[in-house]
Amino acid sequence: MRSRVRRVASDRPWVWLTLGWRDMMAHRAISLSLGAALTLFGWVLSWLLFEAGTQWAILPATAGFFILAPLLAVPLYEVSRRSELGQATTLQDAMQAFRRPGPQIAMMGALLLLIHLFWIRVAGLLFALFFGGVALPSLAQLPFAMLQSEMLVPFLVVGTGFGFLLAAGSFALAAVSLPMLVDRDISWLEAATISIQAVMENRQAMALWAGLIVLFTGLALVPFFLGLVVVLPLIGHATWHAYRDLAVR
C-alpha cells in the first residue's frame with residue numbers, strides 16, 4: 001500500500017518558515033489583518049476573564065492558544081493555497097475557507113475546542129488543589145504570591161506535564177489535517193489520521209517544528225499578544241507548506 005506521507009529532512013521546518021515568510025510578505029494586508037484580529041481577541045478574552053474574577057484562568061487560556069491556533073489559521077492556509085495556484089486573494093476569499101469544507105473543519109474544530117476546554121478545567125482543578133487554601137490575590141499580586149508559595153514548583157511540574165501531553169496530542173492531530181481539509185475533499189477523521197502518521201514518521205522534523213512554534217508563539221505572547229500580529233501569519237503560511245511537503249496527494 002502506498003504511503004500517504006513523505007519523509008523529510010530533520011531541518012525542513014526552516015524551509016517552511018522561509019516559504020511562510022514569502023507568502024506573508026506577498027499578502028501583507030490580509031495576513032497582518034488576521035494576525036491583528038487574533039491579538040484583539042486575546043485582549044478581549046483576558047479582559048473578560050479578569051472582569052469575571054477568574055484571573056487565574058488567563059494563563060491556561062493563553063497556553064490553550066497552542067491548541068486552537070491551527071483552527072484559527074484556516075484563512076491563512078487558503079491564502080497560501082490560492083497563491084500556489086496563481087490566484088489573487090481577498091480577505092473574503094480567505095474567510096470562505098471555513099465554508100467550503102465546513103462540516104469537516106467544524107468537526108476538527110470541535111475536537112480541538114474540547115481539548116482546550118478540558119485543559120482549562122484541568123488547570124482550574126490543579127490551581128484549586130495547590131493554591132485553594134489561600135485567598136486569591138488581585139491580578140497584579142498573583143504572580144508574586146505564587147512565586148512566594150512553596151507549592152509553586154509542584155504546581156508547575158504537574159501542570160506542565162498535563163499541558164505537554166494535551167499540546168502534543170493536539171499537535172499530532174492538527175499538524176497537517178486542517179490545511180488538508182482546506183485543500184481536499186476528505187473527512188476530518190482521515191485527515192487527522194494522516195496528520196498523526198506524518199508526525200510519527202517524521203519525528204525529528206516535527207519535534208523541531210513544534211519547538212519553533214512554541215518558541216515563536218511564546219515570544220509573541222510576552223508583549224501582551226502583540227507579537228501574534230506577525231507570528232500567527234508566519235506560522236499559518238508555513239504550516240501550509242509543511243502540509244504540502246508531508247502529505248502525498
Side-chain angles (χ1 to χ4, degrees), residues 3-8 12-38 67-112 170-199 202 205-206 209-210 212-213 216-217 228-249:
S3 175
R4 294 178 294 180
V5 302
R6 299 185 188 91
R7 293 191 177 184
V8 299
R12 190 65 179 172
W14 295 110
V15 176
W16 302 337
L17 283 174
T18 301
L19 296 173
W21 180 265
R22 181 199 66 187
D23 285 358
M24 185 177 72
M25 289 294 98
H27 304 278
R28 286 188 293 274
I30 297 175
S31 299
L32 298 180
S33 294
L34 291 168
L38 184 59
I67 297 174
L68 294 177
L71 176 65
L72 300 174
V74 162
L76 297 165
Y77 309 147
E78 177 68 1
V79 172
S80 288
R81 186 190 73 84
R82 294 175 64 91
S83 179
E84 188 175 290
L85 296 174
Q87 299 175 350
T89 305
T90 64
L91 182 58
Q92 182 178 1
D93 293 329
M95 298 305 296
Q96 288 295 320
F98 283 113
R99 299 183 60 182
R100 189 173 58 252
Q104 302 306 319
I105 288 182
M107 290 297 295
M108 180 60 70
L111 178 59
L112 294 176
S170 62
F171 174 75
L173 285 169
V176 299
S177 59
L178 282 162
M180 186 181 301
L181 289 172
V182 171
D183 189 42
R184 307 184 191 181
D185 183 11
I186 190 173
S187 74
W188 71 271
L189 185 58
E190 186 176 358
T193 301
I194 295 173
S195 183
I196 293 172
Q197 184 182 357
V199 171
N202 293 276
M206 298 309 281
W209 182 223
L212 290 172
I213 292 174
F216 287 2
T217 306
L228 293 178
V229 174
V230 174
V231 169
L232 175 71
L234 174 62
I235 298 297
H237 290 304
T239 297
W240 168 263
H241 293 286
Y243 151 68
R244 294 291 285 121
D245 258 3
L246 293 166
V248 177
R249 283 187 178 273

Next item on the list: Identify, with sequence neighbours excluded, every residue that meets side chain to side chain donor-acceptor pair (under 3.5 Å) alongside Thr89.
Entry: Arg82
Notebook entry, point to check: Among all residues two or more places apart in sequence or in another chain, which pass the side chain to side chain donor-acceptor pair (under 3.5 Å) test with Tyr243?
Noted result: Asp183, Arg184
Can you check whether [X] reaches [Y] side chain to side chain, under 4.5 Å on heavy atoms?
| X | Y | result |
| --- | --- | --- |
| Val248 | Val5 | no |
| Leu71 | Ile105 | yes |
| Met95 | Leu34 | yes |
| Val8 | Val15 | no |
| Val230 | Met24 | yes |

Heavy-atom pair with the smallest gap, counting every atom of [X] and [Y]:
| X | Y | value |
| --- | --- | --- |
| Asp93 | Ala88 | OD2-O, 4.0 Å |
| Val176 | Ser195 | N-OG, 3.2 Å |
| Gly236 | Ala73 | CA-CB, 4.1 Å |
| Gly35 | Leu232 | CA-CD2, 4.2 Å |
| Ser177 | Met108 | OG-CE, 3.6 Å |
| Arg6 | Asn202 | O-ND2, 3.0 Å |

Under 3.5 Å donor-acceptor pairs involving side-chain atoms of residues 25-32, not counting sequence neighbours:
| from | atom 1 | to | atom 2 | distance (Å) |
| --- | --- | --- | --- | --- |
| Arg28 | NH1 | Met25 | O | 2.9 |
| Ser31 | OG | His27 | O | 2.9 |
| Ser31 | OG | His237 | NE2 | 2.8 |

Notebook entry, point to check: Rounded to the nearest 0.5 Å, how far apart are CG of Leu112 and CG of Leu72?
Noted result: 9.5 Å
Check: Just how far is it from atom OG1 of Thr239 to atom CG of Leu19, taken to the nearest 0.5 Å?
Finding: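 One gets 12.0 Å once the value is rounded to the nearest 0.5 Å.
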Next item on the list: Could you tell me whether a side-chain N or O of Gln104 sits under 3.5 Å from a main-chain N or O of Trp188, the two making a donor and an acceptor?
Entry: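 Yes.
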Next item on the list: Answer yes or no: is there a donor N or O on one side and an acceptor on the other, between the side chain of Tyr77 and the main chain of Met180, under 3.5 Å?
Entry: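 Side chain of Tyr77 to backbone of Met180, a donor-acceptor pair under 3.5 Å: no, none is there.
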Note to self: Under a plain distance cut-off of 3.5 Å, with no hydrogens placed, do Trp240 and Asp23 share a side-chain donor-acceptor pair?
What the structure shows: no
Item checked: Residue Arg7 excluded, over 12 heavy atoms near CZ under 6.0 Å ->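 Incorrect, the count does not exceed 12.
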Next item on the list: Answer yes or no: is there an ion pair linking Glu84 with Arg81, defined by an N-O contact shorter than 4.0 Å?
Entry: no
